[in-house]
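Here's the structure, in structure tokens; my notes come after.
In each ligand, atom 1 is the first atom listed, and ligand 1 is the first ligand listed.
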Amino acid sequence: SANQKVRTGRSGSVSSPPVEYDNAEKIDVNPPKGTRDFPPEDMRLRNWLFQNFREVSKQFGFEEVDFPVLESEALYIRKAGEEIRDQLYCFEDRGNRRVALRPELTPSLARLVIQKGKSVSLPLKWFAIGQCWRYERMTRGRRREHYQWNMDIIGVPDVTAEAELISSIITFFKRIGLTASDVGFKISSRKVLQEVLRCYSVPENMFGRVCIIIDKIGKIPMDDIRKDLQSADMSDVAIEELLQVLSLKSLAKLEEKLGASGEALSDLKQLFSLAEKYGYSEWLQFDASIVRGLAYYTGIVFEGFDREGKLRAICGGGRYDRLLSTFGGDDLPACGFGFGDAVIVELLKERGLLPELNLQVENIVCSLDQELQGAASAVATILREKGQSVDLVLENKPLKWVFKRAARINARRLILVGNAEWQKGMVNVKTLSTGEQLEIKVNELE
Ligand SMILES: CC(=O)Nc1cnc2ccccc2c1
């Protein structure tokens, strides 16, 4: 804008020092493209969602962890052609470091596990709720940030860990009113893919890339999928065989295809039998086409979906036994999931399950004349020290205004501090729902 003195700072990608804004111009009061504010009513819903995430995590014995939203870009540079890489919110900071706003939480968790090294006893059961970022050309008008709930188990090689993680998500779904007829989980294992690729002697280092290509099935035309697979050194025969295996929806059919000896089948059989014991079999189905879009998964993968098929995946996760060594650490068996804050809210809206969350203040306290303002604040303090919430009227307002505010903030009681009563050490307490009015000694307020 005219008032903005553009400094002839250094050009290029190095982030330039802030420019001077002359605030005579009106600033844009909307948040940056693709981001959201959380005014009170939205913040109540977000807090309700996160409270449920937290309580389930606690119920499963997980400890909360957190990491910086800003990480070294190096954490996310994987060469498998992931979408998350194309959309990395990365830049060079003023110390010329390549940094990125985190697109996911798992790499930070892996970094912290390596940093903690031998000083932590396994298994680790950690959870985090954090804002994640992507930089998309706004042509797609999609959001550039969302919050993710992550739960990870580090140090357990068996599928008992995956079974426990799925159980925690089902517990969450049940808490917010969703049942197995609303949502389900598609389960597979990347070892299915691995066993097929080995049959056709596709080099191991193509594994991550092939997974990312397969994850695009249903999102881009099949011809492009085939072309991408050819560019990943796969023969046409191997491609057709792979696509055939990926269309399988029963473990019996998979066994016919791969034989009973592979790890893929034994992992899946064990997981489905554990599901039986947990009592959540009806929530799961085998679906060989599920690979998930992150290169580092190595075993079981799963995603939560809405059975009406209108929405994108609700959550997703899997085993990633090799991630730590890609950061130079010693490998540890690991599995986890990410659960975003967007699709779940769309689903709850669809199902009419959004909770009614109103501001609720117990008391509104106001003085009936100027010189009693101090008395009113003393009454507010007494109530607060008893653990009650108080909205103290801070200006000299007419009673009509006070009643209107009391209704808007949904106060249970109106406490009026008036001269005559105050002389007797009393206040006037009005229960707003019934209109009942009492004179009560200040020190008998509860
Ligand atoms: C539906 C939605 O908001 N998705 C979303 C929004 N922001 C992200 C940011 C980083 C990574 C994934 C993201 C995914």
Side-chain angles (χ1 to χ4, degrees), residues 30-39 42-43 45-46 48-50 53 66-78 80-91 98-111 127-152 169 172-173 176 178 183 211-212 215-216 218-219 290-297 301-306 308-318 320 323 336-351 353-354:
N30 293 303
K33 277 183 188 313
T35 70
R36 299 163 289 174
D37 294 314
F38 286 88
D42 297 341
M43 197 61 193
L45 177 62
R46 177 175 134 185
W48 170 81
L49 195 66
F50 290 13
F53 288 157
D66 194 9
F67 326 97
V69 74
L70 183 76
E71 286 275 12
S72 161
E73 182 188 53
L75 245 58
Y76 312 108
I77 302 300
R78 303 187 290 255
E82 296 154 285
E83 189 181 62
I84 211 162
R85 164 87 194 267
D86 311 339
Q87 300 171 350
L88 198 57
Y89 205 130
C90 53
F91 55 95
R98 291 296 307 169
V99 290
L101 295 182
R102 65 190 175 199
E104 53 165 334
L105 299 174
T106 308
S108 302
L109 181 132
R111 177 180 59 72
F127 84 95
I129 301 173
Q131 190 173 37
C132 297
W133 292 82
R134 66 186 174 192
Y135 191 92
E136 275 197 314
R137 298 273 160 257
M138 266 332 251
T139 45
R140 298 180 60 172
R142 295 203 301 176
R143 282 178 18 201
R144 283 188 177 153
E145 53 76 25
H146 75 161
Y147 283 83
Q148 260 196 31
W149 171 41
N150 274 221
M151 296 258 273
D152 291 87
I169 306 173
F172 170 78
F173 281 139
I176 62 174
L178 291 168
V183 298
C211 291
I212 300 311
D215 184 58
K216 290 180 191 151
K219 298 167 194 164
I290 297 303
V291 284
R292 298 299 295 162
L294 293 167
Y296 50 67
Y297 288 131
V301 283
F302 55 87
E303 70 184 35
F305 70 100
D306 84 289
E308 278 188 15
K310 285 187 196 155
L311 304 171
R312 300 171 302 291
I314 302 165
C315 57
Y320 54 94
L323 183 60
F337 67 81
F339 193 125
D341 70 343
V343 179
I344 185 64
V345 169
E346 287 173 46
L347 177 60
L348 292 173
K349 262 183 205 141
E350 284 255 317
R351 294 285 195 290
L353 286 169
L354 281 182

E104/R78 salt bridge by N-O under 4.0 Å criterion:
yes
Keeping R134 on the side-chain end and R143 on the backbone end, is there a donor-acceptor pair under 3.5 Å?
yes
Is I176 close to W48 at the side-chain level, that is, under 4.5 Å between some pair of heavy atoms?
yes
I'd like to know if E346 and K310 make a salt bridge, using a cut-off of under 4.0 Å between side-chain N and carboxylate O.
no
Under the 3.5 angstrom rule, does the side chain of R102 hit a backbone N or O of F67 as a donor-acceptor pair?
yes
Expected contact list for ligand 1 at under 4.0 angstrom, heavy-atom basis, is P103, C132, W133, R134, R143, R144, E145, H146, R312, A342
Among all residues two or more places apart in sequence or in another chain, which pass the side-chain hydrogen bond (donor to acceptor under 3.5 Å, both in side chains) test with Y320?
D152
